[in-house]
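I have placed the structure first, in the form of structure tokens, so that the comments after it can refer back to it.
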Protein chains: 2
Amino acid sequence: MTIQRFFPPRRILMGPGPSDISSDVLQALSRPTVGHLDPLFIGMMDEVKTLLKYAFQTDNDFTIPVSAPGSAGMEACFVNLIEPGDKVIICRNGVFGERMRENAIRSGAQVVLVDDEWGKPVSVEKVAAAFAENSDAKILAFVHAETSTGALSDAQALSKIAKQYNALTIVDAVTSLGGVPLKVDEWQLDAVYSGSQKCLSCVPGLSPITFSPKAIAKIQARTTPVQSWFLDQSLVLGYWSGEGKRSYHHTAPVNSLYALHEALLGLYNEGLENAWQRHADMHQKLKQGLEQLGFKYVVDEECRLPQLNSVYLPEGLDDANTRQHLLNEYNLEVGGGLGALAGKVWRIGLMGYSAKSENVALCLKALQETIGK
Amino acid sequence: MTIQRFFPPRRILMGPGPSDISSDVLQALSRPTVGHLDPLFIGMMDEVKTLLKYAFQTDNDFTIPVSAPGSAGMEACFVNLIEPGDKVIICRNGVFGERMRENAIRSGAQVVLVDDEWGKPVSVEKVAAAFAENSDAKILAFVHAETSTGALSDAQALSKIAKQYNALTIVDAVTSLGGVPLKVDEWQLDAVYSGSQKCLSCVPGLSPITFSPKAIAKIQARTTPVQSWFLDQSLVLGYWSGEGKRSYHHTAPVNSLYALHEALLGLYNEGLENAWQRHADMHQKLKQGLEQLGFKYVVDEECRLPQLNSVYLPEGLDDANTRQHLLNEYNLEVGGGLGALAGKVWRIGLMGYSAKSENVALCLKALQETIGK
């Protein structure tokens with residue numbers, strides 16, 4: 001067996017995540033590991049919570065990073081909030097809405113589906129109609145920013161309907177957090193999960209989540225145990241809680257949390273509004289160039305995510321070979337399509353630290369040279 | 001809000017994990033992030049599998065790191081292998097045996113408990129008796145190296161009994177992998193999970209697991225879906241499988257996997273037998289010193305883990321204050337007791353990169369000065 005050390009190239013990450021990571025965050029990542037119950041580390045954990053509350057725009061006490069990727073954050077929301085038999089309305093307009101359905105079913109939910117075409121936002125009217133027919137639904141689940149299509153849904157309007165029926169909301173904010181406005185408290189969202197590797201530009205592997213007091217109340221009123229031990233948030237709370245002694249649940253991913261602290265501090269110092277504006281500005285620049293090159297957007301302008309540019313390939317352009325060429329010749333990663341859009345669409349990310357002029361310029365020039373225009 | 005960058009001190013980690021991490025591994029951790037579907041990264045994933053097979057001493061094709069801590073690795077074994085109603089014999093001689101019971105129950109198992117005193121190994125006789133009374137048990141689950149007590153159980157003998165009854169084994173090797181002999185194929189173990197932050201001396205957050213062909217067959221014969229989407233290994237397999245195109249399941253923790261690759265490569269280059277011997281040698285040195293200072297071992301010599309020294313505190317020594325003093329004055333972390341042993345016992349780790357002469361010397365001198373002998 002001859003295995004050598006692995007030295008990855010320095011890629012420019014303009015896919016659907018992970019996004020580029022600043023050297024500040026990579027440096028923080030590699031600082032010396034301390035114990036997960038070290039008083040200094042616990043102090044840092046409190047700061048991570050504070051910074052996450054800012055990013056989510058919430059005062060929710062229960063705001064922590066799950067020690068696993070975004071899919072585990074999604075599952076944490078479903079297994080904690082759903083009890084077998086609960087009726088759950090799930091909005092499906094892409095890959096992650098479908099994943100929500102799978103999670104809800106495995107949690108024993110009775111699922112009511114609201115389907116929308118891929119690339120369209122969730123229809124507020126359809127959700128209103130679904131509630132009118134299912135006024136006993138306990139939860140509404142939807143994806144704020146669909147990473148598979150680049151469509152942004154109106155989280156505030158959807159939450160408003162759920163509140164009318166006294167239902168809780170589970171919201172996928174994996175790609176939205178830090179990239180477009182997301183206001184957990186103002187919009188009254190109840191259980192929101194995200195990922196570290198998108199607009200936060202931290203290493204992949206963590207999933208920030210926040211639960212409202214109403215979500216916590218539903219968990220506390222459960223009559224059945226949460227089916228997952230690892231994701232049982234009433235147990236996790238004992239470790240992340242600010243009061244008294246921390247109790248051991250699992251060993252926290254210490255170094256990844258250093259990186260998250262640094263990435264969130266960067267976002268705080270820039271200011272959320274400035275970060276949102278930067279994503280919007282870079283999107284405008286990229287869009288102009290892409291359209292000149294013959295790419296057409298999948299999503300209508302009014303609900304288009306600036307941080308995830310989903311575009312149809314110009315006629316005759318080969319998907320896999322061209323992406324491989326961009327990777328080999330320019331160290332540039334762009335994302336392919338998922339599911340029904342595979343082979344037809346690219347997903348060009350401008351997430352977090354990747355949303356900057358030099359990336360836009362490189363991407364457009366590399367495409368220009370490759371397409372031969 | 002005034003939050004500063006977090007600069008952790010350089011601790012010497014001699015608790016129950018995380019262990020000290022070499023600068024090689026920390027450097028690998030902070031290399032530039034690439035995409036989780038990047039061909040170069042997928043090549044590295046194949047190497048991680050190969051290196052893990054070596055560490056586990058197995059040819060099992062399904063040998064991968066779960067993208068979450070050891071507790072998630074434990075849960076992955078239980079939720080995949082157990083179907084509701086399956087009878088499972090669980091051996092409980094410490095915290096992690098109890099955690100196995102909780103996982104089994106949440107997976108719908110009918111649990112038969114085999115209890116042993118904390119600090120004792122699992123009784124092979126009791127397990128034989130449990131099978132004699134429950135010959136329809138489908139799974140035997142036990143902890144190879146109990147991190148809460150420092151006791152090593154005879155995995156080979158326990159597995160042998162299970163095989164007589166055609167039952168599968170689930171084995172917790174969180175603290176044993178890399179520190180003491182563990183031979184998955186020779187001992188015919190079926191589902192084994194470990195952690196990255198113990199004797200592998202990688203950052204916390206990953207859980208290496210391996211499933212035997214028999215374990216895979218049981219998963220493939222399931223009539224009910226795995227309750228966890230994130231931990232459903234038939235889905236995960238599509239991403240880690242060596243054949244054909246990798247399908248997206250979740251975003252792999254790219255940088256942590258760089259670190260695991262580097263840590264496993266270090267173990268491979270040292271050689272497993274040499275690593276086991278080093279742990280044994282350092283244990284002998286530490287033991288002599290500890291006994292001179294009045295510490296008494298919790299576990300009998302013949303089943304004592306070299307990498308986790310569980311010792312009763314000498315009369316009059318204050319647990320929490322003394323540990324805080326060691327941390328403040330020497331940057332030295334030793335672990336406290338868990339559960340019934342809290343306040344009475346310390347757990348002094350010699351795991352992976354921490355198992356070296358300079359750590360033993362520092363620990364003994366710091367204790368000598370602190371105790372005043």
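Bear in mind that the values here come from a model prediction, so they are computed numbers and not experimental data.
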Please determine, among [options], the option with the most heavy-atom pairs under 4.5 Å with chain A.
options	answer
B:Pro204, B:Ala28, B:Gly43, B:Gly205	B:Pro204
B:Asn269, B:Leu29, B:Leu327, B:Asp232	B:Leu29
B:Ala72, B:Gly195, B:Gly108	B:Ala72
B:Arg99, B:Arg323, B:His249, B:Met74	B:Arg99

What residues of residues 254-263 of chain A sit under 4.5 Å from chain B when you count only heavy atoms? A:Val254, A:Asn255, A:Ser256, A:Tyr258, A:His261, A:Glu262
Any residues in residues 16-27 of chain A near chain B, with a heavy-atom distance under 4.5 Å, and which are they? A:Gly17, A:Pro18, A:Ile21, A:Asp24, A:Leu26
For A:Asp59, is there any backbone N or O sitting under 3.5 Å from a side-chain donor or acceptor partner on A:Thr63? no
Shorter than 4.5 Å, heavy atoms on both sides: which option in A:Gln324, A:Glu102, A:Arg5 has the most such pairs with chain B? A:Arg5
Can we call the ring centroids of B:Trp229 and B:His250 under 6.0 Å apart? no
Are B:His36 and B:Phe41 an aromatic pair by the rule of ring centers under 6.0 Å? no
Between B:Asp38 and A:Arg11, is there a salt bridge with N-O shorter than 4.0 Å? yes
Taking non-hydrogen atoms and a cut-off under 4.5 angstrom, which of residues 329-339 of chain B neighbour chain A? B:Glu333, B:Leu338
Please list, in residue-number order, every residue in residues 64-71 of chain B that has a heavy atom less than 4.5 Å from any heavy atom of chain A; write 'none' if there are none. B:Ser67, B:Ala68, B:Pro69, B:Ser71
